[in-house]
Amino acid sequence: MPHDPLTECLECGLLQRNPPLPPGGVAECARCGGVLHRDRPDSLNRSLALTLAGIVLFIVANSFPFLAFEMQGQSTQTTLLTGVTDLYQGGNWFIAGVVLFTSIVAPGLQLLLLLAVLIPLSVEALPPWLPRLFRWVRHLTPWGMMDVFMLGILVSVVKLSEMATIVPGASLFAFGVLILVLAAAQAALDPDLVWSRVPVATDLSRPLRPGDDHLACGVCELVMHRASAVWVPRRFDPLWSRVPGRARSGQWHCPRCTEVLHRRKPRSLQRTWALLLAAIIFYIPANLLPIMTVTSLGRTQSDTIFSGVVFLLEHGMWPLAAVVFIASVFVPLLKLLILILLLVSVQWRWTWRPRDRTRLYRIIELIGRWSMVDIYVVTILVALLRLGNLASVQAESGAIFFCAVVILTMLAAMSFDPRLIWDALEPEHVGDRKQSISREPATL
Ligand SMILES: [Zn+2]
Ligand SMILES: [Zn+2]
């Protein structure tokens, strides 16, 4: 199988040779230990089969009720969409939008895009829109949170088990299997194999030598001379750049997947600081204000995130209390602290333990999404408890702030460029501040 001769580690920026891998083999970065590539046997066929199974399960999971709630002879049923519509009708459009996107739209779109990419590839066809769609699969992946939603269902069921009878619906099983199938489809998919089938529009035959001005694509991982990238002038060009002697502004794009290319993520430190500061400010009301009000048999009680954990502890459900505490209290705080440490260390150009700091970055990328569990619990409770004074749940403003904290810290982690950690070790390295994207290439 043809593959790119060179690869640049997206976590430390080291340019290295890309060796052909034995079946099931893994290539690790020589400097930071991050996984560069993984060989996945029979990748296209397996991921196509799993994607097809995933689409069938997705339709089933969204068509039938997944939980029924029975209390004093009255019952309600809920589908995946009920919670979203109830939140929206209750005026909580922000949470409704986030839940809709992360639990239904993103996973569904991801499955459809995968299908649209894998079917043509399996018949050796290559429609021109394929690279663009596959690029979107990559961008959507962190936002599909069905597994976190499943944990939310589990927490809700345990919370309600003392209060009423909970009957699992047909779609709950489909939902459970879907999570496994989605995980298996992602594990089976070899993105390098897909990209190796896409022809590159420009000439890449000129070999790269040390010190050459090169760019690496953050999506398809193509490494190229800057002159081989595609220069796209900005469509809405500010007037001042048309002054004679001043070049038009624009961006370099990848000739294979059309992604915008940067040596380092643009204005990474400023963006990450801004998002992080916003998250820190929102973290305070998220923990002080109640996230929901529960009415049960005429009694009304407001819960903050912390009192939710205490409730579980008081009722002897300490494993679940631990899960909710870790996901909702510990993980967001840990994420904020790690991001501050990373930003400060890059700002002051620390050379201390770059490998461990890269590892910390990997950890926050991995765990951040699990904090969404409390938002899903609120959504599920709102959808299930709709019996007026007998039993009902209202989402409160704390949930909006908490949801914003999770999204902001995820965006902050995405805008942080871990390669900056390693740039401090190379004094002559061109950092993100010096990169020039407003200069037209000499070849044009
Ligand atoms: Zn590396
Ligand atoms: Zn690319």
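As the structure lists them, so they are numbered: ligands from 1, and atoms in each ligand from 1.
Protein atoms that are N, O or S and lie under 2.8 Å from the Zn ion (ligand 2) are these: Cys217 SG, Cys220 SG, Cys254 SG, Cys257 SG. Within the protein, the N, O or S atoms sitting under 2.8 Å from the Zn ion (ligand 1) are Cys9 SG, Cys12 SG, Cys29 SG, Cys32 SG.
For the residue pair Thr409 / Tyr283, no side-chain donor-acceptor distance below 3.5 Å is found, with atom types taken as modelled. With hydrogens and angles left out, the side-chain atoms of His262 and Gln251 include no donor and acceptor closer than 3.5 Å. For the residue pair Thr358 and Trp422, a side-chain donor N or O sits within less than 3.5 Å of a side-chain acceptor on the partner.
Between Phe416 and Tyr361, the ring-plane angle classifies as tilted under the 30° and 60° cut-offs.
For Val35, the side chain to side chain contact (heavy atoms under 4.5 Å, CB included) criterion is met by Val26, Arg38, not counting sequence neighbours.
Judged purely by atom type and a 3.5 angstrom limit, Asp417 uses its side chain to pair as donor or acceptor with the backbone of Arg419. Although no hydrogens or angles enter the test, the distance criterion places no donor-acceptor pair under 3.5 Å between the side chain of Thr102 and the main chain of Met145.
By the 6.0 Å contact criterion, CH2 on Trp273 is enclosed, its count of non-hydrogen atoms from other residues, nucleotides or ligands being greater than 12.
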Could you go through residues 105-134 and list every donor-acceptor pair under 3.5 Å that involves a side-chain atom there, pairing it with any protein atom two or more places apart or in another chain?
unit_1, atom_1, unit_2, atom_2, d
Ser122, OG, Leu118, O, 3.4
Ser122, OG, Ile119, O, 2.7

